[in-house]
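Let me begin by presenting the structure, written as structure tokens, before commenting on it.
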Amino acid sequence: MEYIPAKTIVTRTKDESWFGTAYNMNIYRGCCHGCIYCDSRSDCYQVGEFDRVRAKADALRIIRDDLRRKVKTGVVGTGAMSDPYNPFEKELLLTRRALELLAAYGFGVAIATKSDLVVRDRDLLREIGEQNPALVKITITTADDSQAARLEPGAPSSSRRFAALEAVSREEIFAGVLMMPVLPFLEDREENIREIVRRAAGCGARFVYPAMGMTQRPGQREWFYRRLEEQFPGEGLAERYRRRFGSRYWCPSPRAKELWEVFTEECRRAGLLYQMTDIIRASRLGYQPQQLTF
């Protein structure tokens, strides 16, 4: 493991409109899940050798000092730029030790991950949840394991992620699915949307939050098209994207309106939350009220 210098790790967010997070925390840099659509690969983030995971040197001391200096506690989000449960975390335990610090200093947490390793830390998530919001967001973009293996080759299968969702939900941890991105021409099928929602509900999820499309930026766009051609040879998918979206940032599914109707119908039937304000409100029930900014 290579360690890179950092001056601060727990940083303030612009607002709390994304799952109620007041702070961001990225202990690792880069990711080895190899998801062909990953926005964090974009040139604007300047992460060289993105597929190589590196850890921030002296991360736990820095996190401790960052937390000590905060005037106000809040929910700390992690997983925005690199998965906090990459394979190296199993031995390094940096994410686990960071959760211990969040618990000790009275902060909540909102984890985004594609890894079932999150199940290991459900004891700490329960501990945090006794005093502050503790959310687990597991990204699942397809219910088909074989398709997931082509789109997210280094990540655990969708089936393993559903199993992790069930395991953390069973502990009464506020958990759900990030169904994003729903890739145009690949995952934007009615049966895929219905299956993800139904399986999430069956696993005890509280919410499913979607994006019926994807983002594309310089650096990431070129990578995505190359991987499309490698993983789906002869299907002309990269050319379909070029013709449909050009250099646009937001690339919605051509079926987005129809899929949204299917999605909301399934969520209502299953009793799942899907609007951000509702998810934040539900995650904070029973805790000290805080002012929200939207």
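Owing to the predicted nature of the structure, the values given are computational and were not obtained by experimental measurement.
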Handout entry: Chi angles and distances behind the side chain to side chain contact (heavy atoms under 4.5 Å, CB included) call for Arg97, Leu94
Key = CA-CA 5 Å; Arg97 300 303 178 223; Leu94 294 177; 5.8 Å; no
Exercise for the section: Mind running side chain to side chain contact (heavy atoms under 4.5 Å, CB included) on Ile138 and Lys114 for me, showing each step along the way? Expected result: CA-CA 6 Å; Ile138 298 181; Lys114 287 190 178 82; over 6 Å; no
Practice task
Apply salt bridge (Lys or Arg N to Asp or Glu O under 4.0 Å) to Asp39 and Arg217, showing your working.
Solution key: CA-CA 7 Å; Asp39 178 73; Arg217 294 194 243 212; 2.9 Å; yes
Practice task
Start with the C-alpha distance between Arg41 and Asp51, add both sets of side-chain angles, then the distance that settles salt bridge (Lys or Arg N to Asp or Glu O under 4.0 Å), and finish with yes or no.
Solution key: CA-CA 9 Å; Arg41 194 183 295 278; Asp51 296 279; 2.9 Å; yes
Exercise for the section: Could you please spell out the steps behind the salt bridge (Lys or Arg N to Asp or Glu O under 4.0 Å) verdict for Glu89 and Arg120? Expected result: CA-CA 11 Å; Glu89 167 61 20; Arg120 178 198 68 186; 2.7 Å; yes
Practice task
Check step by step if side chain to side chain donor-acceptor pair (under 3.5 Å) holds for Arg242 and Tyr225.
Solution key: CA-CA 9 Å; Arg242 291 188 183 97; Tyr225 289 165; 5.7 Å; no
Practice task
Could you please spell out the steps behind the side chain to side chain contact (heavy atoms under 4.5 Å, CB included) verdict for Leu272 and Arg206?
Solution key: CA-CA 6 Å; Leu272 292 173; Arg206 298 289 306 279; 5.8 Å; no
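A donor-acceptor pair is defined here as one N or O able to donate and one able to accept, closer than 3.5 Å; no such pair exists between the side chain of Arg227 and the backbone of Phe224. Of the possible donor and acceptor atoms, one in the side chain of Gln147 sits under 3.5 Å from a partner among the backbone N and O of Leu186. The main-chain N or O of Ser247 is found under 3.5 Å from a side-chain atom of Arg221 such that the two form a donor-acceptor pair. With hydrogens and angles disregarded, no donor-acceptor distance shorter than 3.5 Å links the side chain of Glu266 to the backbone of Ile193.
Inter-residue side-chain proximity for Lys137 and Val177 is flagged as unmet; no heavy-atom pair is nearer than 4.5 Å. Looking at heavy atoms from C-beta onward, Ser115 lies out of side-chain contact with Lys90 at the 4.5 angstrom threshold. Inter-residue side-chain proximity for Val168 and Glu171 is flagged as unmet; no heavy-atom pair is nearer than 4.5 Å. Contact annotation: the side chain of Tyr209 never approaches that of Gln275 to less than 4.5 Å [non-hydrogen atoms, C-beta and beyond]. For the pair Tyr241/Leu228, a side-chain contact is recorded, criterion being any heavy-atom separation below 4.5 Å from C-beta on. A 4.5 Å side-chain heavy-atom check between Val118 and Val136 finds at least one atom pair inside the cut-off. With a 4.5 Å cut-off on side-chain heavy atoms, Gln216 and Arg248 do not count as touching. Taking 4.5 Å as the limit, some side-chain heavy atom of Pro254 sits within range of a side-chain heavy atom of Arg244.
Closest heavy-atom contact between Ala98 and Ile63: CB-CD1, 4.0 Å. Closest of all the heavy-atom pairs between Arg255 and Glu190 is NH1-N, 3.8 Å. Residues Pro84 and Ile111 approach most closely at CG-CG2, 4.2 Å, considering heavy atoms. Ala282 and Leu273 get closest at one heavy-atom pair: CB-CD1, 3.5 Å. A pairwise comparison of heavy atoms in Val47 and Phe50 identifies CG1-CD1, 3.7 Å as the closest pair. In this structure, Ser253 and Asp188 approach most closely via the heavy-atom pair OG-OD2, 2.7 Å.
Using a cutoff of 4.0 Å between basic side-chain nitrogens and carboxylate oxygens, Glu16 and Arg284 are scored as salt-bridged. At a threshold of 4.0 Å, the pair Arg194-Glu191 does not count as salt-bridged, since none of the basic side-chain nitrogens sits closer than that to a carboxylate oxygen. Between Arg161 and Asp116 there is no salt bridge, since no side-chain nitrogen of the basic residue lies less than 4.0 Å from a carboxylate oxygen of the acidic one. A salt bridge links Arg281 with Asp278: the distance from a Lys NZ or Arg NE/NH1/NH2 to an Asp or Glu carboxylate oxygen falls below 4.0 Å. A salt bridge is absent between Arg226 and Glu229: the closest approach of a Lys/Arg side-chain nitrogen to an acidic carboxylate oxygen does not fall below 4.0 angstrom. A salt bridge links Glu265 to Arg269: at least one charged side-chain nitrogen sits closer than 4.0 Å to a carboxylate oxygen. A salt bridge does not link Asp66 to Lys70: none of the charged nitrogens lies less than 4.0 Å from a carboxylate oxygen.
Side-chain contact, Glu152 with Thr141: a donor N or O sits under 3.5 Å from an acceptor N or O. Side-chain N/O atoms of Ser159 and Asp145 include a donor and acceptor closer than 3.5 Å. Side-chain contact, Glu187 with Thr142: no donor N or O sits under 3.5 Å from an acceptor N or O. For the residue pair Arg96 and Tyr85, no side-chain donor N or O sits within less than 3.5 Å of a side-chain acceptor on the partner. No side-chain donor from either of Tyr28 and Asp83 sits under 3.5 Å from a side-chain acceptor of the other.
The aromatic rings of Phe207 and Phe19 lie tilted to each other, with the angle between the two planes from 30° to 60°.
A cation-pi arrangement is present between Arg240 and Phe185, with the terminal nitrogen or guanidinium carbon under 6.0 Å from the aromatic centre and inside a 45° cone about the axis.
Between Phe263 and the choices Met212, Arg268, Glu258, the side chain to side chain contact (heavy atoms under 4.5 Å, CB included) rule is met once, by Met212. Remark: of the listed residues Ser42, Cys44, Cys38, Cys38 is the sole one forming a side chain to side chain contact (heavy atoms under 4.5 Å, CB included) with Ser40. When Val76, Leu93, Asp121 are each tested for a side chain to side chain contact (heavy atoms under 4.5 Å, CB included) with Leu99, only one passes: Asp121.
Atom CG of Leu101 is separated from atom CZ of Phe107 by 10.5 Å, given to the nearest 0.5 angstrom. In this structure, Met25 CE and Thr78 OG1 are separated by 4.5 Å, a value rounded to the nearest 0.5 Å. We find the CD-CD1 distance between Glu100 and Ile128 to be 9.5 Å, quoted to the nearest 0.5 Å. Between the CZ atom in Arg54 and the CD1 atom in Ile27 there is a gap of 16.0 Å [rounded to 0.5 Å].
Atom CD of Glu172 has 12 or fewer neighbouring heavy atoms from other residues, nucleotides or ligands inside a 6.0 Å radius.
In this structure, the ring of Trp223 has its center no less than 6.0 angstrom from the ring center of Tyr37.
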